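For clarity, every value in this text was computed on a predicted model and none was experimentally measured.
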Number of protein chains: 2
Amino acid sequence: MTISEQPATLRERKKLRTRQALIDTAVTLFGERGFDSTPLDALLEQVEVSRRTFFRNFRSKEDVALTAVKQLWDVYLDVFDGIEKSGPLADVFLSAMLTTLERMDEGWYRRFPLTLRLIADSPALDGHTLRHCAEVQAEIARQLDEQNRLELRLLIEFFVAAWRCALDEWLPDCTPGELPAILRRVCSTMNSALSLEA
Amino acid sequence: MTISEQPATLRERKKLRTRQALIDTAVTLFGERGFDSTPLDALLEQVEVSRRTFFRNFRSKEDVALTAVKQLWDVYLDVFDGIEKSGPLADVFLSAMLTTLERMDEGWYRRFPLTLRLIADSPALDGHTLRHCAEVQAEIARQLDEQNRLELRLLIEFFVAAWRCALDEWLPDCTPGELPAILRRVCSTMNSALSLEA
DNA sequence: TTCCAAAATGCCACAGTGTGGCGTTTGCTC
DNA sequence: GAGCAAACGCCACACTGTGGCATTTTGGAA
């Protein structure tokens, strides 16, 4: 599961409920009417919250649409933090992602493909996602801070690139069980990609 | 040189002059006062053009700030289109960029470092740049359309990642002559990065 | 030189996003 | 039930980006 904490107080539960309603409604609504062509007010009206409350929960319109992506990387950073780092780092990055994928719940596997399609259709969302990936990469590098800064930085870039490639291959079907296999295949292709001939 | 065409007609020269004034003023003004905290009106007032004319020349506030980046990739795509593709593709990508760097003029080498600093300070600009890189990558892939789609896609991702790493290493000094050497060094590190151990 | 058509510009109004102030409601605690 | 703090809704505002329309400027041709 991503996060299954049960907040004791009623107030926090209520707050979480509207937050979740905003997330769910956003993905479906933007999916139906398009992200760019759907005013934020349409979402607020449907969930029945004021703009003020929305912006207390999310930084931007893009933020709420990309919640599934952020959740994934949050879990990834958590998994990566607790994983044993030995052997080839590329394998560590990969197995951390495989573990992460196992932790995500069914709700996430429903929302994530929808989010990917939103991203594919909206340059603004794509830019936001890439920027978020960059932040995650910086965070990973911070955790590993070693001497081979350049090689480490490159490897992180390569892995995230492989992940995005895997998502592109997964996008048409989006069968949850196939994603790990696709990611493995893409990662095993990395070496031969570097020596590709024209 | 990037583009040194002399438009015959006075009208086009005038238009290019205001366009160039917008570009130059934007980089310096945003550099002084920050991209996010500088209203577009400040730029328009300084160059003495209306908002309407600005948006006929540029798609957005980010667009004008990132002109140097777009110019680079425009030249790169042009160089890459005419280059001989033989041997390791990674070398082809690298030499195309080296040729591109030789083609850029002094004005560009003055604006480009300023632009890089703007990007480093503004997440919005960073997102726009990454998105633009993605479009360039898609264009390169389109030119090469072969059978090994996955390996090709990965290699392109890796090269652009290496380029961004090189820029990060170059950013502190920004000595124009050092960039090719840095890029060569980063590219030669790609192989060992993949086999990095924890 | 003069006149016309096209292009470029400026002005105005509007939609949409995001922020801050401020009063009001709601839930927590005693 | 009373007091308190958190969350909320309403309002006004700044900024970005778009479209309509009148005006000026320029290129070209009579």
Legend entry - Residue whose closest nucleotide on DNA chain C lies nearer the 5' end, B/Glu48 versus A/Phe55: B/Glu48
Inset, instruction - Using whole Å, report how far CG of A/Asp63 lies from P of C/dT19. - result: 11 Å
Inset, instruction - Keeping the roles fixed (side chain from B/Ser122, backbone from B/Ile119), state whether a donor-acceptor pair exists under 3.5 Å. - result: no
Legend entry - Interatomic distance, A/Asp41 CG vs D/dG9 P [rounded to whole Å]: 14 Å
Legend entry - Value in whole Å for how far the P atom of C/dT26 lies from CG of A/Leu10: 12 Å
Legend entry - Given B/Val79, B/Leu94, B/Val75, the one that forms side-chain contact (heavy atoms from CB on, under 4.5 Å) with B/Thr99: B/Val79
Inset, instruction - Name the closest nucleotide to the B/Val49 side chain, picking from C/dG18, C/dG10, D/dT16. - result: C/dG10
Inset, instruction - Return the value, rounded to whole Å, for the distance between atom NE2 of A/His128 and atom C1' of C/dT17. - result: 12 Å
Inset, instruction - Could you tell me whether a side-chain N or O of A/Tyr109 sits under 3.5 Å from a main-chain N or O of A/Cys174, the two making a donor and an acceptor? - result: no
Inset, instruction - Establish, with yes or no, whether the OP1 or OP2 oxygen of C/dG27 is under 4.0 angstrom from a side-chain nitrogen or oxygen of A/Lys14. - result: yes
Legend entry - Under 3.5 Å donor-acceptor, B/Lys61 side chain and B/Pro39 backbone: no
Inset, instruction - Round to the nearest Å and state the distance from B/Arg13 atom CZ to C/dA8 atom C1'. - result: 16 Å
Legend entry - 5' precedence on DNA chain D between B/Arg56 and B/Pro39 (nearest-nucleotide basis): B/Pro39
Legend entry - Whole angstrom value for the distance that separates C1' of D/dG17 from CG of B/Leu43: 15 Å
Legend entry - From D/dC8, C/dC11, C/dG21, nucleotide with atom closest to A/Arg52 side chain: C/dG21
Inset, instruction - Return no unless some side-chain N or O of A/Ser50 is found under 4.0 Å from OP1 or OP2 of D/dG9. - result: yes
Legend entry - Separation of atom NZ in B/Lys15 from atom P in D/dT24, rounded to whole Å: 20 Å
Legend entry - N/O (side chain, B/Thr9) to phosphate O (OP1/OP2, D/dG27) under 4.0 Å: yes
Inset, instruction - Take atom CG of B/Asn57 and atom C1' of D/dT16, then tell me their distance rounded to the nearest Å. - result: 17 Å
Legend entry - Whichever of A/Arg51 and A/Arg11 has its nearest DNA chain D nucleotide further upstream toward 5': A/Arg11
Inset, instruction - Report yes if the side chains of B/Trp170 and B/Val186 come closer than 4.5 Å at any heavy-atom pair, otherwise no. - result: no
